[in-house]
Amino acid sequence: MSVLEVKNIEKHFGDTRVLKDISFTLEKGQAMSIIGSSGSGKTTLLRCLNFLEKPDGGSISVNGEMLFDAADPATQLEKEIRRKRLHFGLVFQNFNLFPQYTALQNVTLARELMARENGGESRESILKAGKELLAQIGLADRADHYPHQLSGGQQQRVAIARALALHPDILCFDEPTSALDPELTGEVLRVIRNLAEQHTTMIIVTHEMAFARDVADQLIFMDGGVIVEQGNPHQVIDHPREERTRHFLAHYSEN
């Protein structure tokens with residue numbers, strides 16, 4: 001059974017249809033890359049999956065549980081949306097770390113808040129898990145550093161650890177290297193590559209074509225709010241079937 005099933009997702013902003021009949025499935029342990037030019041709907045799709053935007057049509061289910069159905073108001077209750085967001089972790093382009101908290105505090109904050117609300121997990125256990133996550137991404141020695149004391153690449157790695165802290169079913173990345181200098185991009189891509197090797201279920205919106213081809217199990221090319229082409233990353237990037245895909249890749253290689 002697919003871990004994620006997206007059916008016929010639509011999203012409008014006013015009279016503009018930003019997402020048009022988007023459907024795909026993702027298996028547990030797979031990585032999916034989404035490519036496309038600016039304005040193609042990639043980020044809006046991620047925001048709909050994470051319930052930061054409400055779709056105007058379609059449905060989203062995770063592990064067989066219907067999280068959202070545009071035809072069923074019962075799936076759209078605000079009190080349920082908070083719980084449903086826990087199925088997804090989202091890493092933003094610009095890190096979005098809390099500047100007043102250390103790296104470790106950024107990683108552990110959400111779990112501490114949940115423990116206060118629901119009980120059941122000690123602060124010692126949460127701190128131990130947070131330190132293990134920082135070690136996993138190579139930042140064990142930066143636990144007590146504040147964001148302004150970290151490089152952009154280090155901040156983004158902390159953001160990845162924070163997203164992993166709640167054990168989401170699906171980890172989403174919205175162009176995770178777009179705000180980084182080229183020399184810092186590699187360290188973030190290495191972390192994501194390691195996660196893929198550990199069979200972390202991921203959706204990665206990226207402009208790094210070689211990375212998308214080499215790391216993902218499947219790839220989607222979006223243009224104008226629709227999925228133009230989808231399949232094996234090597235097939236789509238090296239031998240695209242659709243003219244719009246060929247045009248995008250040819251234009252991209254010129255830049």
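Numbers here simply count residues along the sequence, with the first being 1. Computed from heavy atoms alone, side chains included, the values below leave out hydrogens, waters and symmetry copies.
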Derivation of the side chain to side chain contact (heavy atoms under 4.5 Å, CB included) call for V18 and L45: CA-CA 9 Å; V18 180; L45 175 57; over 6 Å; no
Backbone N/O of [Y] and side chain of [X]: donor-acceptor pair under 3.5 Å:
{"X": "E242", "Y": "V228", "answer": "no"}
{"X": "T201", "Y": "G29", "answer": "yes"}
{"X": "S40", "Y": "S37", "answer": "yes"}
{"X": "D69", "Y": "A71", "answer": "yes"}
{"X": "Q149", "Y": "Y146", "answer": "yes"}
{"X": "K42", "Y": "G36", "answer": "yes"}

Any salt bridge linking K128 with E124? Criterion: basic side-chain nitrogen under 4.0 Å from a carboxylate oxygen. no
Which Ile, Leu, Val, Met, Phe, Trp or Tyr residues join L166 in one cluster when any pair of side-chain heavy atoms under 4.5 Å counts as a link? L86, M114
In the hydrophobic cluster built from side-chain contacts under 4.5 Å, what are the other members alongside L113? F98, Y101, L109
Donor-acceptor contacts, no H, no angles, side chain residues 170-187, under 3.5 Å, sequence neighbours left out:
residue: D174; atom: OD1; partner: T43; partner atom: OG1; Å: 2.9
residue: D174; atom: OD2; partner: T43; partner atom: OG1; Å: 3.2
residue: S178; atom: OG; partner: Q93; partner atom: OE1; Å: 3.2
residue: S178; atom: OG; partner: E175; partner atom: O; Å: 3.1
residue: T185; atom: OG1; partner: D181; partner atom: O; Å: 3.3
residue: E187; atom: OE2; partner: Q154; partner atom: N; Å: 3.3
residue: E187; atom: OE2; partner: R157; partner atom: NE; Å: 3.3
residue: E187; atom: OE2; partner: R157; partner atom: NH2; Å: 3.0

Any idea which heavy atoms bring [X] and [Y] closest together, and the distance?
{"X": "P240", "Y": "L249", "result": "CG-CD1, 4.0 Å"}
{"X": "P99", "Y": "P147", "result": "O-CD, 3.8 Å"}
{"X": "I35", "Y": "A212", "result": "CG2-CB, 4.3 Å"}
{"X": "A70", "Y": "G57", "result": "CB-CA, 3.5 Å"}
{"X": "I60", "Y": "C48", "result": "CD1-O, 3.8 Å"}
{"X": "G89", "Y": "P168", "result": "N-CB, 3.4 Å"}

With a 4.5 Å cut-off on side-chain heavy atoms, are [Y] and [X] touching?
{"X": "K84", "Y": "T75", "answer": "yes"}
{"X": "L164", "Y": "L195", "answer": "yes"}
{"X": "M222", "Y": "I22", "answer": "yes"}
{"X": "L52", "Y": "R85", "answer": "yes"}

Do [X] and [Y] share a hydrophobic cluster, counting only Ile, Leu, Val, Met, Phe, Trp and Tyr and linking them when any side-chain heavy atoms are less than 4.5 Å apart?
{"X": "I192", "Y": "L26", "value": "no"}
{"X": "V188", "Y": "L97", "value": "yes"}
{"X": "L19", "Y": "F24", "value": "yes"}
{"X": "I126", "Y": "L104", "value": "no"}
{"X": "F211", "Y": "V91", "value": "yes"}

Rounded distance [0.5 Å steps], [atom1] in [X] versus [atom2] in [Y]:
{"X": "I137", "Y": "Q156", "atom1": "CD1", "atom2": "CD", "answer": "10.0 Å"}
{"X": "T108", "Y": "L133", "atom1": "OG1", "atom2": "CG", "answer": "10.0 Å"}
{"X": "I9", "Y": "T44", "atom1": "CD1", "atom2": "OG1", "answer": "12.0 Å"}
{"X": "R246", "Y": "R241", "atom1": "CZ", "atom2": "CZ", "answer": "10.5 Å"}
{"X": "I227", "Y": "E229", "atom1": "CD1", "atom2": "CD", "answer": "11.5 Å"}
{"X": "Q30", "Y": "H199", "atom1": "CD", "atom2": "NE2", "answer": "11.0 Å"}

Can you sort out the partners of K28 under side chain to side chain donor-acceptor pair (under 3.5 Å), two or more places apart, ordered by chain and number? none
Sequence-distant partners of [X], salt bridge (Lys or Arg N to Asp or Glu O under 4.0 Å), two or more places apart:
{"X": "D238", "value": "R213"}
{"X": "R193", "value": "none"}
{"X": "R142", "value": "none"}
{"X": "K7", "value": "E5"}

Using the ring-ring contact (aromatic ring centres under 6.0 Å, His included) criterion, which residues pair with F221? Sequence neighbours excluded. F248
Please lay out, stage by stage, how V226 and D21 fare under the test side chain to side chain contact (heavy atoms under 4.5 Å, CB included). CA-CA 7 Å; V226 302; D21 197 26; over 6 Å; no
Residues pairing under ring pair (Phe, Tyr, Trp, His ring centres under 6.0 Å) where one sits in residues 51-97, two or more places apart or in two chains, turn out to be none
Under the salt bridge (Lys or Arg N to Asp or Glu O under 4.0 Å) definition, can you give me all pairs with a residue in residues 98-117, not counting sequence neighbours? R82-E117, R111-E121, E112-R116, E112-R123
For H234, is the NE2 atom crowded, meaning more than 12 foreign heavy atoms sit under 6.0 Å from it? yes
Name the atoms and distances for all side-chain donor-acceptor pairs under 3.5 Å in residues 202-209, with sequence neighbours left out.
residue: T206; atom: OG1; partner: E208; partner atom: N; Å: 2.9

